[in-house]
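Indexing begins at 1, ligand by ligand and atom by atom, following the structure's order.
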Amino acid sequence: MQSVSINNLTFDEYLSQQEVATIVAQVAERINADYAGREPLFICVLNGAFMYASDLFKLITLPAEITFVRLKSYEGTATTGKVNMMIPLQTSVKDRDVIIIEDIVDTGLTMHGFIQQLKDEGARSVELTSFIFKPDSLQYPDSMPKYIGKSIPTKFVLGYGLDFDEKGRNLGSLYVLRPE
Ligand code: IMP
Ligand code: MG
């Protein structure tokens, strides 16, 4: 599909399924090399990262584990980077090499709080992979992902797990909002 329409807005294909697959394979290759000899614990951040996490994890050749959280960040009155866990972490991160899997890092608020929490809980190391990164939006430098699928300008994207009003997550390609 070249374009899709959701809630009267039009989105144009930005990364084809083939391009997505190539990007994910490149990230997996880097992680496999960097973590050789270790047993990292991947943490998939729900909801958006489920598709990226699934594709990425299949390509990890290490004796890795995966667990899941669902996060909600609050801004406004609570600009402390506090993150609410809608589904809390079920696995201990103490002394673990943790790799967080995110769909997208925008301002970095969500990851800012979560990375600090994992360090407070005794993780040996914490790194972040994000399928999409918007460098021009970043406000929390510690949320800069080490393993970036693709950096994009500050535009709204959906598909491949990412939603607009909870719609569009099921699209296999990545789409970008068409300018008015
Ligand atoms: P951050 O805390 O500002 O980095 O925002 C992260 C969250 O905002 C992501 O996990 C997404 O849920 C949402 N988000 C940011 N940009 C987009 C986008 O372009 N499309 C869909 N969701 C987005
Ligand atoms: Mg997310």
Is [X] near ligand 1, meaning one of its heavy atoms is under 4.0 Å from it?
X: K134; result: yes
X: Q139; result: no
X: I132; result: no
X: G108; result: yes

Relative to the heavy atoms of [X], which atoms of ligand 1 are at a distance of less than 4.0 Å?
X: D103; value: 10 (O)
X: D163; value: 21 (C)
X: T107; value: 1 (P), 2 (O), 3 (O), 4 (O)
X: K155; value: 19 (O)

Handout entry: Shortest heavy-atom approach to atom 14 (N) of ligand 1 - which of I104, V105, L71
Key =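 Nearest heavy atom to atom 14 (N) of ligand 1 lies in I104.
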
Practice task
Select the closest option to atom 21 (C) of ligand 1 among D165, V157, V176, judged by heavy-atom distance.
Solution key: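 Heavy atom nearest to atom 21 (C) of ligand 1 belongs to V157.
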
Handout entry: Linked, directly or transitively: F156 and L171 (ILVMFWY side chains, under 4.5 Å)
Key =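 F156 clusters together with L171.
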
Handout entry: Contact check: L162 vs ligand 1, nitrogen or oxygen atoms, below 3.5 angstrom
Key =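 Among all N and O atoms of L162, none is under 3.5 Å from an N or O of ligand 1.
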
Handout entry: Geometric N/O contact F156 with ligand 1, under 3.5 angstrom
Key =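 Between F156 and ligand 1, no N or O pair is found under 3.5 Å apart.
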
Exercise for the section: May I ask you to decide if the ring planes of F42 and F57 are parallel, tilted or perpendicular, using 30° and 60° as cut-offs? Expected result: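 Judged by the thresholds at 30° and 60°, the geometry between F42 and F57 is perpendicular.
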
Problem - Listed partners of E65 passing side chain to side chain donor-acceptor pair (under 3.5 Å), at least two apart - result: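 Once residues adjacent in sequence are excluded, the partners of E65 under the side chain to side chain donor-acceptor pair (under 3.5 Å) criterion are R96.
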
Problem - Side-chain heavy atoms of P145 within contact of E102, under 4.5 Å - result: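 A side-chain contact under 4.5 Å is absent here.
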
Handout entry: Note, L158 side chain near K167 side chain (heavy atom, < 4.5 Å)
Key =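 Side chain of L158 against side chain of K167, heavy atoms only: no contact under 4.5 Å found.
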
Handout entry: Check against side-chain contact (heavy atoms from CB on, under 4.5 Å), M85 and L71
Key = CA-CA 5 Å; M85 291 209 157; L71 303 180; 3.8 Å; yes

Exercise for the section: Starting at OH of Y160, measure out to CG of N170 and round the result to the nearest 0.5 Å. Expected result: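 Atom-to-atom, Y160:OH and N170:CG are 14.0 Å apart.
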
Handout entry: Aromatic ring proximity F11/Y175, centre distance under 6.0 Å
Key =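 Ring centres of Y175 and F11 not closer than 6.0 Å.
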
